[in-house]
Amino acid sequence: SPYLLPLLEKLALAQLHQGDLDEATAARRRMMNIAIAAFGTDAATTAEAMSSLAAVEIESQRYLDAEGLLVISENVLTARLGDDAQALIPVLTGRARIALARGDVEAARSQAERAEKLMAANRFPRSSEPLRVLGAVAAAERRFEAGIAVRYQAIAFDRVAAGYHGPLY
């Protein structure tokens, strides 16, 4: 039932926070299968479920499994929602992380910058992941000061999102 999708997402997040990547992968794979059965393969909901599964695959360093999911997800989301859809942010950051893992810094920078632009255009972004990936790209390019500055932006974003407004130390 598609009504299970939000519950499975909460379960997968809890499993991720506990470090149980296999269980989180199973929950997100189940989410994807439910979305495919309920909405079909060309639905934005299915594409978002694919990108959620890909995020866990990346955390598990299963980049080949994740990349296929992200390519399909990007194509579906772009076709359904357009080039500037906020739902593309996790897809682009995931593709940037995969590009970094294989040593393709140019592709990683391109994807991360695109994700960061989408994040900046959103009044209420959900994640600082584009900033964290941009920091990793800067480090891969040996631009350490720029990387640190971007990482501090990500930390500040996360603190505000979590409701903490105290000093950064």
Side-chain angles (χ1 to χ4, degrees), residues 1-119 125-141 147 151 154 158:
S1 169
Y3 298 109
L4 288 175
L5 293 176
L7 297 172
L8 286 171
E9 178 59 20
K10 285 183 181 182
L11 175 65
L13 283 174
Q15 292 164 334
L16 273 174
H17 289 219
Q18 293 174 354
D20 194 348
L21 295 176
D22 291 335
E23 290 298 319
T25 301
R28 290 211 168 148
R29 187 171 307 283
R30 186 169 177 207
M31 285 174 55
M32 185 184 72
N33 291 335
I34 290 170
I36 289 170
F39 306 112
T41 56
D42 286 339
T45 303
T46 303
E48 289 179 4
M50 286 180 184
S51 68
S52 292
L53 174 57
V56 180
E57 297 286 15
I58 291 168
E59 291 299 324
S60 301
Q61 297 181 351
R62 293 189 293 254
Y63 301 115
L64 290 175
D65 295 338
E67 191 164 28
L69 292 167
L70 291 173
V71 168
I72 293 168
S73 182
E74 182 177 6
N75 291 338
V76 170
L77 290 171
T78 301
R80 294 283 178 242
L81 305 176
D83 287 353
D84 59 350
Q86 297 297 309
L88 284 169
I89 293 172
V91 174
L92 296 171
T93 56
R95 293 196 63 196
R97 289 181 64 191
I98 292 169
L100 270 180
R102 73 170 172 259
D104 189 351
V105 179
E106 289 270 328
R109 184 178 354 93
S110 172
Q111 298 286 349
E113 286 174 349
R114 188 170 162 213
E116 192 274 331
K117 285 179 185 171
L118 290 175
M119 178 188 167
R126 291 187 266 172
S127 169
S128 66
E129 184 70 10
L131 296 173
R132 288 179 284 178
V133 173
L134 270 176
V137 168
E141 294 173 331
R151 290 293 181 127
D158 288 338

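Here the structure is a predicted model, which means the values were calculated and not measured. Numbers here are sequence positions counted from 1.
The structure places CG of Leu100 at 9.5 Å from OH of Tyr63, a figure rounded to the nearest 0.5 Å. The CE atom of Met32 sits 12.0 Å away from atom CG of Leu5, with the distance rounded to the nearest 0.5 Å. Atom OG in Ser1 sits 10.0 Å away from atom CG in Leu8 (nearest 0.5 Å).
At least one side-chain heavy atom of Arg29 sits less than 4.5 Å from a side-chain heavy atom of Glu57. Taking the side chain as every heavy atom from C-beta outward, Glu48 and Leu77 approach each other to under 4.5 Å. Within the 4.5 Å cutoff, the side chain of Ile58 has heavy atoms near those of the Leu70 side chain.
Listed by chain and residue number, Arg97 satisfy the salt bridge (Lys or Arg N to Asp or Glu O under 4.0 Å) test with Glu59 (two or more places apart in sequence, or in another chain). For Ala79, there are no side-chain contact (heavy atoms from CB on, under 4.5 Å) partners, not counting sequence neighbours. Applying the salt bridge (Lys or Arg N to Asp or Glu O under 4.0 Å) criterion to Arg80, with sequence neighbours excluded, gives no partner residue. Every residue was checked against the salt bridge (Lys or Arg N to Asp or Glu O under 4.0 Å) condition with Arg30, not counting sequence neighbours, and none meets it. Evaluation of the side-chain contact (heavy atoms from CB on, under 4.5 Å) rule for Ala154 yields Ser128, Leu131, Arg132 as partners, not counting sequence neighbours. Residues meeting the side-chain contact (heavy atoms from CB on, under 4.5 Å) test with Asn75, sequence neighbours left out: Val71.
The backbone N or O of Glu129 sits less than 3.5 Å from a side-chain atom of Ser127, completing a donor-acceptor pair.
Across all non-hydrogen atoms, the minimal contact from Leu134 to Ala112 is CD2-CB, 3.7 Å. Nearest approach of Ala54 to Ala66, heavy atoms of both residues: O-CB, 3.6 Å.
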- Test side chain to side chain contact (heavy atoms under 4.5 Å, CB included) applied to Val137 and Gln111, step by step: CA-CA 10 Å; Val137 168; Gln111 298 286 349; over 6 Å; no
For residues 84-96, which side-chain donor-acceptor pairs fall under 3.5 Å, sequence neighbours excluded?
residue	atom	partner	partner atom	Å
Gln86	OE1	Asn122	ND2	3.0
Gln86	NE2	Leu118	O	3.1
Thr93	OG1	Ile89	O	3.1
Thr93	OG1	Pro90	O	3.1
Arg95	NH1	Glu74	OE1	2.4

Residues 38-47 side chain polar contacts: donor-acceptor under 3.5 Å, at least two apart:
residue	atom	partner	partner atom	Å
Thr46	OG1	Ala35	O	3.2
Thr46	OG1	Gly40	O	2.7

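Residue pairs satisfying the side chain to side chain donor-acceptor pair (under 3.5 Å) criterion with at least one member in residues 4-22, sequence neighbours excluded, are listed as follows: Glu9-Arg28. Listed by first then second residue, pairs satisfying side chain to side chain donor-acceptor pair (under 3.5 Å) with a partner in residues 99-110 read Glu67-Arg102, Glu106-Arg109, Arg109-Glu141, not counting sequence neighbours.
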